[in-house]
Amino acid sequence: IEYLAGAHVGQIVAVVTKPIGIYIDKSNDNLYVASYSHNAILRFDKTGKFLRKIGTEFLKSPYDFALVPGTLSMNPSVMIADSENHRIVKMQMNTDDSMEIIIDKKENQFNEPRRVRFDSKGNLIVADSNNGRIQKFF
């Protein structure tokens with residue numbers, strides 16, 4: 001999906017209740033959406049066809065996510081800010097029945113982490129919203 005200079009008309013590529021975070025996999029143009037209402041990460045192909053949903057059994061208000069650097073586009077690992085569970089979790093996009101807790105509230109006193117990103121060295125950066133801080137994990 002590209003923005004063309006001077007464009008004034010948008011095209012609906014997916015319909016999602018309360019989308020919060022988005023990511024486009026540039027290798028195949030798949031669209032990933034964090035949905036507050038679905039308590040899940042949703043995956044769509046480049047035509048907008050729904051492919052997969054992960055996290056509904058584990059997540060509570062996933063605000064944001066980031067694909068883990070170096071994972072395969074066929075089954076990417078996704079790092080998720082599981083906001084209302086006060087933790088960061090890792091899931092596989094094509095294996096929705098497994099989840100790994102990476103960082104939880106007990107270790108770092110998270111209070112609704114809302115954003116996750118990786119820096120150029122692969123370190124995880126977390127915006128810990130209600131604690132008013134950014135944390136970097138090596």
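Side chains are part of it too, since the values below use all heavy atoms of this structure and drop only hydrogens, waters and symmetry mates.
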Peer 1: For a quick test of reading the model, state the closest non-hydrogen atom pair linking Pro76 to Thr71 and the distance between them.
Peer 2: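 What the structure gives for the nearest pair is CA-OG1, 3.6 Å.
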
Peer 1: Could you tell me the separation between the CG atom of Asn30 and the NZ atom of Lys49, rounded to the nearest 0.5 Å?
Peer 2: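 Output value for this atom pair is 11.0 Å.
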
Peer 1: Give the intermediate values and the outcome of side chain to side chain contact (heavy atoms under 4.5 Å, CB included) for residues Ile125 and Phe118.
Peer 2: CA-CA 6 Å; Ile125 312 294; Phe118 289 95; over 6 Å; no

Peer 1: Hydrophobic cluster membership, with links at side-chain heavy-atom distances under 4.5 Å among I/L/V/M/F/W/Y: are Val16 and Ile24 in one?
Peer 2: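 In one cluster: yes.
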
Peer 1: Check whether any side-chain heavy atom of Lys136 sits under 4.5 Å from a side-chain heavy atom of Leu124, and report yes or no.
Peer 2: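 No, their side chains stay 4.5 Å or more apart.
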
Peer 1: Would you give the length of the straight line joining atom CD of Glu100 to atom CE of Met91, rounded to the nearest 0.5 angstrom?
Peer 2: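 Nearest 0.5 Å value for the CD-CE distance: 11.0 Å.
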
Peer 1: Out of curiosity, Gln92 CD to Arg52 CZ, how far, rounded to the nearest 0.5 Å?
Peer 2: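 If I round to the nearest 0.5 Å, the distance is 10.5 Å.
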
Peer 1: Quick one: does Asn131's side chain have a donor or acceptor within less than 3.5 Å of a partner on Arg133's backbone?
Peer 2: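 Pair absent, no side-chain N/O of Asn131 close to backbone of Arg133.
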
Peer 1: Can you classify the ring geometry of Phe50 versus Phe44 as parallel (below 30°), tilted (30 to 60°) or perpendicular (above 60°)?
Peer 2: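 Taking Phe44 first and then Phe50, their aromatic rings stand perpendicular (interplane angle over 60°).
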
Peer 1: According to a hydrophobic-cluster definition based on side-chain heavy atoms being under 4.5 Å apart (Ile, Leu, Val, Met, Phe, Trp, Tyr only), do Ile41 and Tyr63 belong together?
Peer 2: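 Per the 4.5 Å side-chain linkage, Ile41 and Tyr63 are not co-clustered.
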
Peer 1: Among Asp29, Thr47, Leu31, Val33, exactly one meets side-chain contact (heavy atoms from CB on, under 4.5 Å) together with Val13. Which residue is that?
Peer 2: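 Output: one option passes, namely Leu31.
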
Peer 1: Are the side chain of His8 and the backbone N or O of Gly6 linked by a donor-acceptor pair below 3.5 Å?
Peer 2: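 Yes, His8 side chain to Gly6 backbone: donor-acceptor pair under 3.5 Å.
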
Peer 1: Charged N to carboxylate O under 4.0 angstrom, Arg117 versus Asp64?
Peer 2: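 Looking at Arg117 and Asp64, the cut-off is met.
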
Peer 1: Please report the interatomic distance OG(Ser129) to CZ(Phe110), rounded to the nearest 0.5 Å.
Peer 2: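 The distance works out to 11.5 Å.
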
Peer 1: How far does CD1 of Ile22 sit from OG of Ser35, to the nearest 0.5 angstrom?
Peer 2: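 Reported value, rounded in 0.5 Å steps: 13.0 Å.
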
Peer 1: Looking only at side-chain N and O atoms, does Asn94 offer a donor or acceptor that is under 3.5 Å from a partner on Arg43?
Peer 2: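 Present: a donor and an acceptor within the cut-off.
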
Peer 1: Would a single hydrophobic cluster contain both Met99 and Met93, if residues Ile, Leu, Val, Met, Phe, Trp and Tyr are joined by side-chain heavy-atom contacts under 4.5 Å?
Peer 2: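 The answer is yes; both residues are in one hydrophobic cluster.
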
Peer 1: If you look at every heavy atom in Ala81 and Pro113, which pair is closest and at what distance?
Peer 2: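 Distance-wise, the nearest heavy atoms are CB-O, 3.6 Å.
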
Peer 1: When Ser61 is tested against each of Asp82, Asn85, Asn39 for side-chain contact (heavy atoms from CB on, under 4.5 Å), which residue passes?
Peer 2: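 Answer to the side-chain contact (heavy atoms from CB on, under 4.5 Å) test with Ser61 among Asp82, Asn85, Asn39: Asn39.
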
Peer 1: At their closest point, which heavy atom of Phe137 faces which heavy atom of Val126, and how far apart are they?
Peer 2: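 So the two residues come closest at CE1-CG2, 3.8 Å.
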
Peer 1: Test of understanding: clusters of I, L, V, M, F, W, Y form through side-chain heavy atoms closer than 4.5 Å, transitively. Do Tyr36 and Met79 belong to the same one?
Peer 2: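 Tyr36 and Met79: separate clusters.
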
Peer 1: Picking from Asp128, Ile80, Val116, Ile101, what satisfies side-chain contact (heavy atoms from CB on, under 4.5 Å) with Ile88?
Peer 2: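 Of the listed residues Asp128, Ile80, Val116, Ile101, the side-chain contact (heavy atoms from CB on, under 4.5 Å) partner of Ile88 is Val116.
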
Peer 1: Look up atom CG in Asn130 and atom OG in Ser83, then write down how far apart they are to the nearest 0.5 Å.
Peer 2: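 So the gap between those two atoms works out to 7.5 Å.
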
Peer 1: Can you check whether Leu59 reaches Thr56 side chain to side chain, under 4.5 Å on heavy atoms?
Peer 2: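 No, their side chains stay 4.5 Å or more apart.
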
Peer 1: Do Val89 and Tyr23 belong together in a cluster built from hydrophobic side chains that touch within less than 4.5 Å?
Peer 2: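 Hydrophobic grouping puts Val89 with Tyr23.
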
Peer 1: For a quick test of reading the model, state the closest non-hydrogen atom pair linking Ala40 to Pro62 and the distance between them.
Peer 2: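 What the structure gives for the nearest pair is N-CG, 3.6 Å.
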
